[in-house]
Protein chains: 2
Amino acid sequence: MTNPFTDITEKNKQKLLRLLDADILNFNENTNIPKSIIDNNSIGIVVEGYIQIIRINYNGTNALIEELQDNDVFGSSISYLKSSDYIATAKENTKLILIDLNSIINFKENSKSYYNQFIKNLFLILNEKMQDKNRRIQILTRRTIRNKLLEYFNLTSKGTGSKNIYLPFSFIALADYLAVDRSALSREIKYLKEEGFIDVKGKRITLLYK
Amino acid sequence: MTNPFTDITEKNKQKLLRLLDADILNFNENTNIPKSIIDNNSIGIVVEGYIQIIRINYNGTNALIEELQDNDVFGSSISYLKSSDYIATAKENTKLILIDLNSIINFKENSKSYYNQFIKNLFLILNEKMQDKNRRIQILTRRTIRNKLLEYFNLTSKGTGSKNIYLPFSFIALADYLAVDRSALSREIKYLKEEGFIDVKGKRITLLYK
DNA sequence: TGTTAAGTGTTGCAATTGCAACATACTATA
DNA sequence: TATAGTATGTTGCAATTGCAACACTTAACA
């Protein structure tokens with residue numbers, strides 16, 4: 001798994017961060033991250049921790065828009081958030097590196113190998129990250145809760161090669177991920193059980209079809 | 001707007017493509033692109049043309065999963081498609097460059113400035129592309145057609161700074177983009193008109209609120 | 001310019017969903 | 001282990017949506 005500093009020595013990493021004028025920020029568990037940090041023209045690197053970006057719907061429900069974890073890169077990629085009602089929360093103690101995108105692009109010493117390695121790493125990380133986005137779009141474009149669920153199951157099952165799926169989060173979070181009402185999700189899962197498509201024990205779901 | 005060969009001379013571009021063992025492929029308008037090309041472990045660059053990746057739903061409806069246009073980069077980012085029922089179609093005459101991801105990562109002459117520029121460009125392109133993905137997720141996570149429409153309107157309006165929105169595609173395509181039934185979309189637009197939220201003339205939609 | 005295909009508008013109806021309200025189960029911790 | 005807080009299960013009901021069918025309009029092109 002690539003991280004932004006893969007194949008860069010600690011010494012060169014420090015030098016690079018200095019030359020790029022990087023900021024290092026720490027957030028305690030369950031503190032909110034100022035919007036100005038998320039939606040400015042910077043590349044952010046989550047060194048460690050866990051951040052959720054959640055949209056607050058007018059009726060009090062939430063939608064999970066983005067999760068950021070160790071080694072994730074975010075940036076102008078989420079600048080569309082400027083116009084939205086959202087909260088970014090560090091759910092764990094979190095350490096961020098913030099680098100102005102322009103200082104990355106216009107870095108003077110272009111020939112430095114550690115700089116080039118850094119860019120290559122960023123590219124690889126974004127390439128991987130794109131998978132998650134596409135996967136979610138693939139799921140969200142299904143039109144019924146049942147089909148969203150089945151798409152989620154199938155993609156997950158294909159990924160692990162197993163008919164057993166271990167939910168990595170709560171059913172509440174699953175409902176947010178699928179962007180559907182929790183109780184309606186619960187109902188649909190009940191139907192799928194009754195019709196013999198799946199078997200559910202706690203957070204383990206077993207696919208019984210195909 | 002960055003393209004993969006920004007700030008690289010034609011001569012160096014050719015050298016780079018040769019060293020990376022790149023394939024160049026042409027597709028005529030309205031021909032399908034073999035899946036093996038889309039979902040292998042390569043980075044694809046759309047030199048020119050327009051590709052749609054569409055999922056075929058069992059009931060005959062479609063979902064637009066991805067659009068690729070001039071200078072777009074795609075790659076292992078869409079490898080999840082392997083498991084899905086989709087068709088990739090060149091809607092215009094299209095020229096593709098295909099490069100094995102490994103040969104990019106393991107490129108021997110790491111110090112070549114054109115190579116480093118190339119990676120930097122790929123990074124910037126993916127960073128921009130991520131915006132579209134996030135934007136769409138932002139929209140798709142709205143739970144009603146009305147809210148999806150309004151989110152779409154708002155984000156578009158914020159982007160252009162205008163209350164007038166020119167649909168860049170048909171209402172059929174809009175329905176696919178929002179992942180909702182076309183006739184239900186049509187009905188909802190009618191309601192929005194009747195309630196005075198919007199005004200519609202052909203493909204121009206004017207926001208009357210706020 | 002006539003013909004055909006594609007896009008758009010409309011509506012009844014059944015299926016699905018969100019919402020609200022409440023019951024029950026689980027989990028952390030004082 | 002008692003208790004509070006969170007998660008999950010359930011259900012009636014109203015709102016929303018998908019679906020199908022058909023009419024009408026616009027665009028493409030021979």
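These numbers were taken from a predicted model, which means no experiment stands behind them. Here is the naming used below: chain letters follow the sequence lines, and residue numbers restart at 1 for every chain. The basis for the numbers below is simple: all heavy atoms, side chains too, and nothing from hydrogens, waters or symmetry mates.
Atom CD1 of A/Ile189 and atom P of C/dT16 are 16 Å apart (whole Å). The nearest whole Å value for the distance from the CG atom in B/Leu178 to the C1' atom in D/dT16 is 15 Å. Here the C1' atom of nucleotide D/dG18 and the CZ atom of B/Arg143 are 19 Å apart, to the nearest Å. Put simply, CZ on B/Arg142 is 15 Å from C1' on C/dG18, counting in whole angstrom units. Between B/Leu167 atom CG and C/dT8 atom P there is a gap of 9 Å when expressed in whole angstrom units. Protein atom CG of B/Asp181 is 14 Å distant from nucleotide atom P of C/dT16, rounded to whole Å. Between the C1' atom of C/dT16 and the CD atom of A/Glu195 lies a distance of 13 Å, rounded to the nearest Å. When the C1' atom of D/dG18 is taken as reference, atom CZ of A/Arg146 falls 15 Å away, rounded to whole Å.
Contact check on A/Lys95 versus A/Glu48 returns no salt bridge, with no Lys/Arg side-chain nitrogen under 4.0 Å from an Asp/Glu carboxylate oxygen.
The residue among B/Ala179 and A/Phe169 whose nearest nucleotide of DNA chain D is located toward the 5' end is A/Phe169. Both A/Ile145 and B/Ala173 lie close to DNA chain C; mapped to their nearest nucleotides by heavy-atom distance, the more 5′-ward contact belongs to B/Ala173.
The residue B/Ser170 sits close only to the backbone: its heavy atoms come under 4.0 Å of sugar-phosphate atoms, none of a base. Nucleic acid contact class of A/Ser186 (heavy atoms, under 4.0 Å, all strands): base. Residue contacts shown for A/Lys203 are limited to sugar-phosphate atoms, with no base heavy atom under 4.0 Å away.
Summarising the geometry of B/Glu128 relative to B/Thr2, their closest heavy-atom pair is OE2-OG1, 3.8 Å, with the distance given to 0.1 Å. Minimum heavy-atom separation, B/Gln117 to B/Thr6: CG-O, 3.4 Å.
Here the side chain of A/Thr144 is nearest to one of C/dT17, D/dG18, D/dT10, namely C/dT17. Distances from the side chain of A/Ser183 to the nucleotides C/dT17, C/dA20, D/dA20 place C/dA20 closest. The side chain of A/Arg182 lies closest to D/dT10, out of D/dT10, D/dC19, C/dG18.
Evaluation of atom-type donor-acceptor distances gives a pair under 3.5 Å for the side chain of A/Arg187 against the base of D/dG12.
Using a 4.5 Å heavy-atom threshold, the side chains of A/Phe197 and A/Leu149 count as separate.
Between the CG atom in A/Leu208 and the CG atom in A/Asp199 there is a gap of 5.5 Å [rounded to 0.5 Å].
The shortest distance between the side-chain N/O atoms of B/Lys190 and the OP1/OP2 oxygens of C/dT11 is below 4.0 Å.
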